[in-house]
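All ligand and atom numbering here is 1-based and tracks the order in the structure.
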Amino acid sequence: MEVATLPAGRRPAGASGTAEPGRLRANGQLRPRQRARAAQRLEKAQAAASIALGAVSSYLEAEMELPAFFSHLAETVAGLVGARRVAFLRLSSAGNLVLQREPYGFPAQSPIRGLRIEAKPGDDGIATRLVYRDELDIRGGTSAALDALWQEHGLHGIRNSIAVSWSAGDRRIGALAAYDSKRGFTNDDAWILRVAAMATGLVWQYREAEEELDVAVERLEEAMAARRQLLANVASGGDEARRRFASALHDDSLQLLTAAELQLERIRSDSDSKRQSAQLDQLALTIRKVEDSLRRLLSTVSPEALDLTVGLKEAIRDRLETLRVQTGIETDIDLRFPDEPTGEVESMVFKNVAEALTNVQKHSHATRVRVAAAALDGGVVVEVSDDGTGFVVDECLYVPGHLGLLAMKERAQLAGGWCRIVSEPGAGAKVEFWVPIT
Ligand SMILES: Nc1ncnc2c1ncn2[C@@H]1O[C@H](COP(=O)(O)OP(=O)(O)OP(=O)(O)O)[C@@H](O)[C@H]1O
Ligand SMILES: [Mg+2]
């Protein structure tokens, strides 16, 4: 870091010819002894500044927690400016200077820990002038205005003190204060404080940027988890609704009908009238028809779950055969599943194949469809392709209310795999997915 980036007026006396005019010769030059002393002071101050900078970067590299970082830095700065105590004071969001833990040289019960000094950009108090304008008047080894400020806020027994603005670029972070120097504070000490405050400002900015990044990453992860959860619900939502409807149909309506049939049977056997018995026969027939039609409804609304009694291969073969019969689309099938996919994987594969085939049936106008499966990389890769009209994938993937393609992708992802949908208008469509077999 360039020490030379400090404003010229902030450099130690002698560093840029800003020594007091009275000490200048008529030609504007310093006397040789004065020059030698100024050069010495400059050298000392620069050495101290480079120690401060070195300390900031080495503490930073050690990846300390912030309290430890500030406590080490405060101690180093105290040594450099001959102070018994040093504290970083941070500007809170409410515009108060509060302690940035940990300070150096203050006992655990010191009132500095509860310090709260108002420093609003608009007012003209010493704290505001210090933080926003970096104004400091050092006379007789101290800043009397600052000493009074500490006193006013309960920090008694401060012998002398100086403080500088702690900032990063235009951003005001707070102030860096040093207290109790045996020899009294000088402008050179203030200059060293400024170098330390400037270096710490950069660290602060860096930490803030890091924290913002962490927060952003966290939010992104939360959003992604929520989205995954949502899509998991979407992917199974239809199934869930259909399952509830199917079980109500099965357990409720169909059982009531069966009960009605039995009652009817009893009435008919009790009845003597031939005419009435023919009517009852007719009624029984109607009830059976209603029952049949409800059973058909049941088989269509049941979620497309895999019938484990026939197994995955057979279930896909059946589904493809139904499609051929209903649409006349020619079918190709080449299923080479690895051994024993788990029930969950089988069910997931079947749901995706069934959705892809339903899409072919509903949308593709294809003449041919092919379903292929093979073992790949510890999982199974499945492909459903047709030679139909095709579609623009990006346009069709996120259409409100149309969830089939999205659900296929999400099911594969939730199972730890992937799903690719490849299609172009006029070039057919291909759904390909891979899931691990766990
Ligand atoms: N094989 C295909 N051939 C042609 N177009 C297709 C094919 N598959 C999907 N599409 C197009 O992509 C759109 C989205 O498909 P998706 O499966 O997501 O929804 P959907 O089938 O319309 O409704 P659902 O939510 O009941 O599945 C379809 O509306 C259709 O326009
Ligand atoms: Mg669909």
Side-chain angles (χ1 to χ4, degrees), residues 224 227-246 249 296-307 312 315-335 346-374 380-415 417-435:
M224 279 175 57
R227 180 173 164 273
R228 229 174 287 139
Q229 177 78 37
L230 190 69
L231 282 159
N233 290 343
V234 165
S236 63
D239 290 351
E240 188 50 40
R242 282 191 286 189
R243 194 171 6 255
R244 265 189 271 122
F245 183 57
L249 199 62
R296 268 202 305 281
L297 187 60
L298 180 61
S299 72
T300 49
V301 297
S302 289
E304 279 190 291
L306 174 64
D307 178 356
L312 181 59
I316 293 177
R317 222 183 281 282
D318 284 356
R319 180 67 188 82
L320 208 52
E321 181 57 15
T322 310
L323 181 137
R324 193 186 66 77
V325 171
Q326 288 177 348
T327 63
I329 298 175
E330 286 303 316
T331 60
D332 267 344
I333 189 162
D334 179 13
L335 302 179
E346 285 193 318
S347 163
M348 182 262 140
V349 167
F350 181 72
K351 281 182 182 172
N352 268 19
V353 170
E355 172 57 33
L357 291 177
T358 303
N359 276 354
V360 171
Q361 190 164 354
K362 280 201 300 193
H363 311 297
S364 76
H365 303 283
T367 61
R368 243 194 143 74
V369 62
R370 173 181 158 80
V371 181
V380 55
V381 63
V382 183
E383 185 185 308
V384 179
S385 50
D386 68 66
D387 63 351
T389 53
F391 61 104
V392 180
V393 178
D394 285 347
E395 281 175 12
C396 293
L397 203 51
Y398 298 100
V399 183
H402 298 257
L403 297 170
L405 296 178
L406 205 56
M408 280 195 278
K409 272 186 169 267
E410 289 300 325
R411 267 189 223 111
Q413 282 166 5
L414 286 168
W418 50 259
C419 174
R420 267 196 297 267
I421 296 155
V422 186
S423 184
E424 260 178 57
K430 182 168 89 174
V431 172
E432 191 182 12
F433 62 92
W434 175 87
V435 279

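Between the side chain of S423 and the backbone N or O of F391 there is at least one donor-acceptor pair closer than 3.5 Å. For the pair S364 (side chain) and T389 (backbone), a donor-acceptor distance under 3.5 Å is absent. No donor-acceptor distance shorter than 3.5 angstrom exists from the side chain of D334 to the backbone of A372, with no hydrogens or angles considered.
Dense packing is recorded around CD of E321, with more than 12 heavy atoms of other residues, nucleotides or ligands lying under 6.0 Å away.
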**Item:** Worked verdict on R411 versus S347 for side-chain hydrogen bond (donor to acceptor under 3.5 Å, both in side chains)
**Value:** CA-CA 10 Å; R411 267 189 223 111; S347 163; over 6 Å; no
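Atoms of ligand 1 lying under 4.0 Å from at least one heavy atom of D386, given by number and element, are 1 (N).
Using 4.0 Å as the threshold, E355 has a heavy atom nearer than that to some atom of ligand 1.
Within the set A366, A407, G388, C396, the minimum heavy-atom distance to atom 12 (O) of ligand 1 is found for C396. Considering each of V384, N359, L357, the one bringing a non-hydrogen atom nearest atom 17 (O) of ligand 1 is N359.
Checking N359 against the Mg ion (ligand 2), an N/O/S atom falls under the 2.8 Å cut-off.
Checked by distance only, ligand 1 and L405 come closer than 3.5 Å through their nitrogen or oxygen atoms.
Summarising the geometry, atom CD belonging to E410 is positioned 11.0 Å from atom CG belonging to N352; distances are rounded to the nearest 0.5 Å.
No other N/O/S atom of E355 lies as close to the Mg ion (ligand 2) as OE2 does.
Contact annotation for T358 and ligand 1: no heavy atom of the residue comes within less than 4.0 Å of the ligand.
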